[in-house]
There are 6 protein chains.
Amino acid sequence: MTRSNGRNSDQLRPLTITTQTNKYAEGSVLIEMGDTKVIVTATVDEKVPPFLKGQGKGWVTAEYSMLPRATQTRNQREAARGKLTGRTMEIQRLIGRALRSVVNLQALGERSITLDCDVIQADGGTRTASITGAFVAMAFAINKIALQHKLAVFPITDYLAAISVGVVGDKALLDLNYEEDSKAKVDMNVVMTGGGAFVELQGTGEERPFTRRELDELLGLGEKGIYELIAVQKEVLGPIALKIPSGQPGQEV
Amino acid sequence: MTRSNGRNSDQLRPLTITTQTNKYAEGSVLIEMGDTKVIVTATVDEKVPPFLKGQGKGWVTAEYSMLPRATQTRNQREAARGKLTGRTMEIQRLIGRALRSVVNLQALGERSITLDCDVIQADGGTRTASITGAFVAMAFAINKIALQHKLAVFPITDYLAAISVGVVGDKALLDLNYEEDSKAKVDMNVVMTGGGAFVELQGTGEERPFTRRELDELLGLGEKGIYELIAVQKEVLGPIALKIPSGQPGQEV
Amino acid sequence: MTRSNGRNSDQLRPLTITTQTNKYAEGSVLIEMGDTKVIVTATVDEKVPPFLKGQGKGWVTAEYSMLPRATQTRNQREAARGKLTGRTMEIQRLIGRALRSVVNLQALGERSITLDCDVIQADGGTRTASITGAFVAMAFAINKIALQHKLAVFPITDYLAAISVGVVGDKALLDLNYEEDSKAKVDMNVVMTGGGAFVELQGTGEERPFTRRELDELLGLGEKGIYELIAVQKEVLGPIALKIPSGQPGQEV
Amino acid sequence: MTRSNGRNSDQLRPLTITTQTNKYAEGSVLIEMGDTKVIVTATVDEKVPPFLKGQGKGWVTAEYSMLPRATQTRNQREAARGKLTGRTMEIQRLIGRALRSVVNLQALGERSITLDCDVIQADGGTRTASITGAFVAMAFAINKIALQHKLAVFPITDYLAAISVGVVGDKALLDLNYEEDSKAKVDMNVVMTGGGAFVELQGTGEERPFTRRELDELLGLGEKGIYELIAVQKEVLGPIALKIPSGQPGQEV
Amino acid sequence: MTRSNGRNSDQLRPLTITTQTNKYAEGSVLIEMGDTKVIVTATVDEKVPPFLKGQGKGWVTAEYSMLPRATQTRNQREAARGKLTGRTMEIQRLIGRALRSVVNLQALGERSITLDCDVIQADGGTRTASITGAFVAMAFAINKIALQHKLAVFPITDYLAAISVGVVGDKALLDLNYEEDSKAKVDMNVVMTGGGAFVELQGTGEERPFTRRELDELLGLGEKGIYELIAVQKEVLGPIALKIPSGQPGQEV
Amino acid sequence: MTRSNGRNSDQLRPLTITTQTNKYAEGSVLIEMGDTKVIVTATVDEKVPPFLKGQGKGWVTAEYSMLPRATQTRNQREAARGKLTGRTMEIQRLIGRALRSVVNLQALGERSITLDCDVIQADGGTRTASITGAFVAMAFAINKIALQHKLAVFPITDYLAAISVGVVGDKALLDLNYEEDSKAKVDMNVVMTGGGAFVELQGTGEERPFTRRELDELLGLGEKGIYELIAVQKEVLGPIALKIPSGQPGQEV
């Protein structure tokens with residue numbers, strides 16, 4: 001089976017992460033995976049949500065949105081509808097949860113980081129690109145706090161990236177674009193740390209259920225993709241990369 | 001490690017499924033897993049949502065809600081807040097998607113089935129109990145349509161049940177209650193068919209990421225739980241059980 | 001005229017009040033009047049709404065909801081609509097007002113009691129069953145506070161129950177079920193205390209106006225029903241019943 | 001007991017009904033009862049709500065609102081809050097139901113009449129003044145349709161007015177102003193036809209329950225007030241008054 | 001060209017401002033310009049919005065609404081729609097901004113004035129009539145505060161009025177009524193001070209763009225109208241008028 | 001007075017319009033004026049809103065939004081608030097109205113064009129940049145329809161651009177950035193056609209009213225800016241530019 005753009009089944013799309021794209025935000029990136037493009041900004045706020053007040057801990061949260069014409073046909077704005085769709089809520093809960101898993105909230109202190117992920121063009125994998133990009137934007141923002149000598153310990157505990165995998169026809173594929181995703185029989189999002197452990201695993205049998213053997217194959221592809229993504233993250237982070245510890249793949253965490 | 005109620009790590013809580021609990025609904029059950037209690041009704045409507053009109057296919061969807069005092073402290077009603085929480089949206093999307101995976105929508109014809117899952121007492125595992133119960137309520141409702149000779153083929157293609165598993169301390173456990181769930185380091189919901197294939201897999205490293213070895217152990221527990229749940233489903237379905245095919249565990253689907 | 005289920009015109013439907021049905025709530029009942037079934041929970045909160053703060057007085061309020069398939073055809077959830085219907089608002093205001101009329105809010109102290117009335121099956125008279133059941137749930141909850149020695153005086157000042165009456169054809173009937181209610185010409189809800197005085201009286205000429213003579217006949221039926229309901233309340237309250245004073249019917253209050 | 005403005009206990013406040021106050025509406029009045037002032041417009045629409053389509057019947061409905069500074073302290077606009085209060089919903093349902101009780105909807109044909117009741121100054125009794133005024137506005141609007149020869153029968157079947165009564169101190173009073181209403185122990189709204197029959201009766205024991213004897217006394221006062229209101233309605237309706245039949249007080253309907 | 005009511009192109013409609021029309025509000029007027037009628041109330045509140053707290057400055061804000069039948073066909077209430085239209089928001093922002101421009105907020109002290117502009121009949125020019133009327137209501141309210149010796153300096157710094165002008169056919173007209181407005185090619189709202197300077201200028205080429213020459217002509221008409229409006233304001237303000245300074249037309253401000 | 005970036009008082013910021021930035025939209029641009037950056041997409045839909053159905057005319061409308069961190073401090077998303085702010089509504093109404101003024105809706109036929117203006121970085125003048133950019137995106141989209149031979153006449157009747165001007169200190173300035181805008185005493189947005197006529201003029205005396213002389217000066221600056229903007233539009237439109245007629249500046253339209 002040949003993929004639409006000549007990719008191998010275990011090959012990522014071309015990936016670019018442009019950093020510091022916004023002059024106001026504490027951290028910002030434009031992440032492009034093939035034709036999927038997401039602007040991520042990280043905002044630091046020197047306070048925490050009410051449920052955390054006075055506990056000396058920080059918070060990391062995310063919001064996700066697509067511009068109306070990020071997709072082939074125009075979608076109604078959620079602001080005009082007056083409420084978020086279930087899909088948006090699900091995605092932004094996932095992004096926030098994933099990022100918090102690699103942040104020592106105690107070490108962050110009573111401050112919040114909000115990751116705004118705005119999809120300006122969508123061609124599959126927008127939620128995983130958001131996570132991969134948000135990690136970089138967050139690292140820049142936390143580094144900025146660190147440079148102000150406000151942190152005793154660097155609060156990021158490991159790298160974090162995410163990728164989609166799926167079964168199209170009978171073939172397991174890495175990094176599905178929209179066309180592949182829309183005919184996938186099985187669809188899975190994998191979020192992993194630099195240490196090779198799982199942070200989130202969400203698999204859905206869209207067209208039919210899937211077996212253990214298929215699961216194993218998909219996880220293998222995901223693992224490969226994640227390592228490549230993290231390699232790019234390290235590169236664009238430059239000197240900040242050195243501050244982030246990374247477990248060894250396959251090791252117990 | 002001893003579990004709060006003397007259960008083994010691979011043991012389900014006591015399970016009761018009471019059928020036909022509502023005199024109006026086409027199908028209805030009260031499912032009780034330990035102290036978690038969910039009322040599920042299945043409503044048949046002889047029309048489909050706009051996006052499916054004229055395609056000769058049916059639809060299955062779900063709504064989920066908790067009574068305000070289903071939990072230890074009272075929660076504000078979503079009707080009073082004026083909107084659904086992200087958690088509710090995520091859960092009802094999951095339930096609907098899971099049930100559709102074992103229904104031949106073509107065979108159902110242009111009609112909809114709505115599964116209303118109302119949690120009257122919550123002690124962990126409300127979303128998985130909703131799926132397990134909703135499958136039974138849906139089977140009763142579809143059987144009712146079948147008895148009216150409106151269906152050429154019985155549209156349910158396999159059994160379906162769901163269970164939660166997780167890592168508490170360093171131990172993998174089956175069917176977490178609320179107390180266990182709130183201190184779980186890893187939390188996973190498994191939805192499987194009677195044929196032993198996965199329909200949904202959602203694992204989250206709440207306190208720390210998890211390894212492949214842990215994943216395998218959790219999936220093993222989940223599989224065991226699902227088989228026991230499906231055995232109860234077959235029993236309460238009585239003669240309807242015979243109309244539902246079931247794959248063999250471990251077989252390719 | 002024979003009623004659908006062989007009842008006399010002045011006869012209540014079979015009534016069951018099951019108490020302490022929820023393991024978390026301070027008070028809870030399942031009230032069944034014929035096929036009308038309502039779950040009521042009473043939640044005690046050690047604070048009051050803003051408008052009462054610092055006045056040393058307590059508050060009693062109610063919320064009312066029907067499960068979507070409590071009725072013959074499924075109703076859209078109010079949480080999905082994004083707002084309460086006028087009917088729901090009217091009913092929950094009535095329930096709260098009625099219960100407050102038999103509570104000495106000063107004696108209750110700065111705490112709130114919320115009565116959640118969730119109709120799981122509706123066959124007429126859901127608002128009156130809610131009031132009758134909520135009184136019992138509230139008594140259990142207040143007794144729980146009393147047992148913690150937080151109250152100088154038991155704050156419930158009298159019994160309280162409610163019933164519907166109406167004119168069907170030309171006949172005044174007690175306790176209308178849905179079928180009777182939907183063809184009633186006159187419809188009236190009566191809320192009374194143990195002392196035989198009125199707390200609320202809401203009569204509507206649905207099909208035609210009604211005369212003073214009809215009003216008198218309906219009030220007579222209502223009074224009879226209320227006494228029978230209160231007798232059941234006393235029974236299920238057991239020893240708590242002794243703490244609640246009750247005026248004599250017909251006496252000035 | 002002397003009332004704040006020297007009124008007798010069975011005396012209405014000064015009443016003025018100014019007709020045709022709006023140049024666009026099919027019917028309109030400004031009703032003033034003491035310092036309570038309500039603008040009512042009646043709008044005729046040549047169609048009916050969806051649930052009545054194709055049945056050859058008409059519809060009468062009402063909306064109620066208070067200007068923010070109709071009261072002593074300013075109230076937030078419901079449009080700014082984004083939803084109607086329970087009080088508003090309750091009142092507009094009452095007004096619509098009351099007016100429909102004296103309209104032959106079959107004779108009205110497939111058209112709707114909307115009564116907009118906007119309180120520009122509130123001093124007690126705004127819902128009853130709205131009903132009394134809306135009857136006149138509706139009569140003008142229906143007469144306008146009749147003059148276009150669109151109606152075979154004049155669809156108004158009787159007069160309709162409403163008044164509040166209550167117990168203040170130990171005294172039953174007619175037509176409470178705000179000051180009296182806020183200290184009333186019992187509060188009742190009475191809606192009656194020209195024939196002396198009840199359309200709505202809503203009594204609430206605000207401070208304490210009330211007895212049958214008190215109920216009888218309040219109904220007597222209400223009846224007296226209603227007759228006086230209807231006399232004024234007849235006067236301002238002029239020749240239209242002749243088209244509206246009126247039962248005899250005390251007669252069976 | 002003759003105008004519908006025989007007016008000259010530079011002639012205002014008959015104007016009446018009735019003051020103190022509401023017994024509760026600190027200031028109130030009914031302003032009538034031809035058939036456009038607006039009730040304005042001014043409410044004084046001894047606190048400011050959160051963003052101004054502790055700055056020793058006051059605030060002036062406005063809300064605007066039309067009764068449903070203020071217009072030829074009935075409009076849905078914004079309270080029923082659940083949100084304000086863009087038109088309403090635009091208008092109430094304009095009114096508030098305009099009034100603040102002639103109030104010394106420092107001199108007002110930490111208190112708010114809310115101007116509620118409720119259009120009871122609309123025949124064009126409702127936003128400009130609201131501004132002209134609100135100025136008078138505000139002056140009465142501020143004078144009331146001044147009479148309580150709470151103000152060191154009278155905080156109103158100049159007169160303020162507003163008028164619409166437009167091009168109908170090829171003719172520039174002052175004070176358009178609804179009929180003229182709906183066929184206007186160019187539409188402009190002018191808000192000016194007593195000193196003859198502009199506070200707001202909003203011109204729209206509805207049917208076609210407009211030239212500098214047309215702009216000049218429209219501004220001339222507007223200026224003339226404003227002077228006449230301010231003359232009436234002075235008259236109805238009586239002794240309060242003396243407290244308000246007024247620049248000289250044409251002078252630099 | 002020297003401007004923050006050495007600009008003359010009548011000098012625009014550096015302007016870039018990048019075209020066709022979105023692979024799905026019928027027209028798209030990224031417009032950058034200094035640090036203000038707006039993504040505009042034009043979506044063609046082969047139907048019109050309900051109020052225009054069957055009239056053979058088209059429609060042009062706009063939506064406007066800012067990413068949460070487009071500004072110095074993060075703003076709450078309107079989708080999360082559940083409603084649009086008044087500012088957003090005002091701006092998107094302005095953009096739509098301005099664009100419609102240079103489109104022959106009859107010639108467009110029964111189709112709609114939606115301009116989505118999403119501000120990714122805001123440094124003053126976002127609404128005027130949106131209009132200037134949206135004109136180009138719209139021209140590309142309409143040209144695409146024209147190339148499909150669906151249009152008898154090219155429906156764009158003139159060029160259109162917008163710019164802000166204002167008085168800072170005592171100096172009239174062209175194209176204010178955020179810093180200048182926030183201290184401006186007078187603020188004006190000017191929308192003009194290629195023919196030099198006004199489409200919209202919105203001037204506000206933020207800190208003080210403004211005189212006729214100031215108005216004239218501001219209009220002069222605006223005119224100069226608009227000509228320069230339109231020159232850039234012509235360049236980026238390439239061959240499409242030839243299809244758009246342009247009046248002569250100063251001529252009567």
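This is a predicted model, so every value here is computed, not measured. Proteins get letters first, then strands, A, B, ... in listed order; numbering begins at 1 in each.
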Original post:
Which pairs count as ring pair (Phe, Tyr, Trp, His ring centres under 6.0 Å) when at least one residue sits in residues 100-119 of chain F, sequence neighbours excluded?
Top reply: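 Pairs touching residues 100-119 of chain F that pass the test: none.
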Subject >> F:K47, NZ: over 12 other non-hydrogen atoms inside 6.0 angstrom >> reply: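 No - once you tally the heavy atoms of other residues, nucleotides and ligands closer than 6.0 Å, there are 12 at most.
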Original post:
About how many Å separate CZ of E:F198 and CZ of F:R208, when rounded to the nearest 0.5 Å?
Top reply: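 Separation between the atoms: 13.0 Å.
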Original post:
Which residue out of E:V199, E:T204, E:L219 racks up the most heavy-atom pairs below 4.5 Å with chain F?
Top reply: E:T204
**OP:** Considering only heavy atoms, give the residues of residues 66-97 of chain F separated from chain E by less than 4.5 Å, sorted numerically, with 'none' for an empty result.
**Re:** F:L84, F:T85, F:G86, F:R87, F:M89, F:E90, F:R93, F:R97
**OP:** Quick one: pull up OG in E:S101 and CD in F:E206 and give me the separation to the nearest 0.5 Å.
**Re:** 10.0 Å
**OP:** Inspect the surroundings of NZ in F:K224 and state if more than 12 heavy atoms from other residues, nucleotides or ligands are less than 6.0 Å away.
**Re:**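 More than 12 heavy atoms, drawn from other residues, nucleotides or ligands, come within 6.0 Å of this atom.
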Subject >> For E:E217, side-chain hydrogen bond (donor to acceptor under 3.5 Å, both in side chains) partners two or more places apart >> reply: none
Original post:
Hey, which of F:L215, F:L201, F:V102 has the most heavy atom pairs under 4.5 Å with chain E?
Top reply: F:L201
Original post:
So how far is it from F:D216 CG to E:D216 CG, rounded to the nearest 0.5 Å?
Top reply: 6.5 Å
**OP:** Could I get the full list of side-chain hydrogen bond (donor to acceptor under 3.5 Å, both in side chains) partners for E:K53, not counting sequence neighbours?
**Re:**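 Listed in chain order: nothing, the list is empty.
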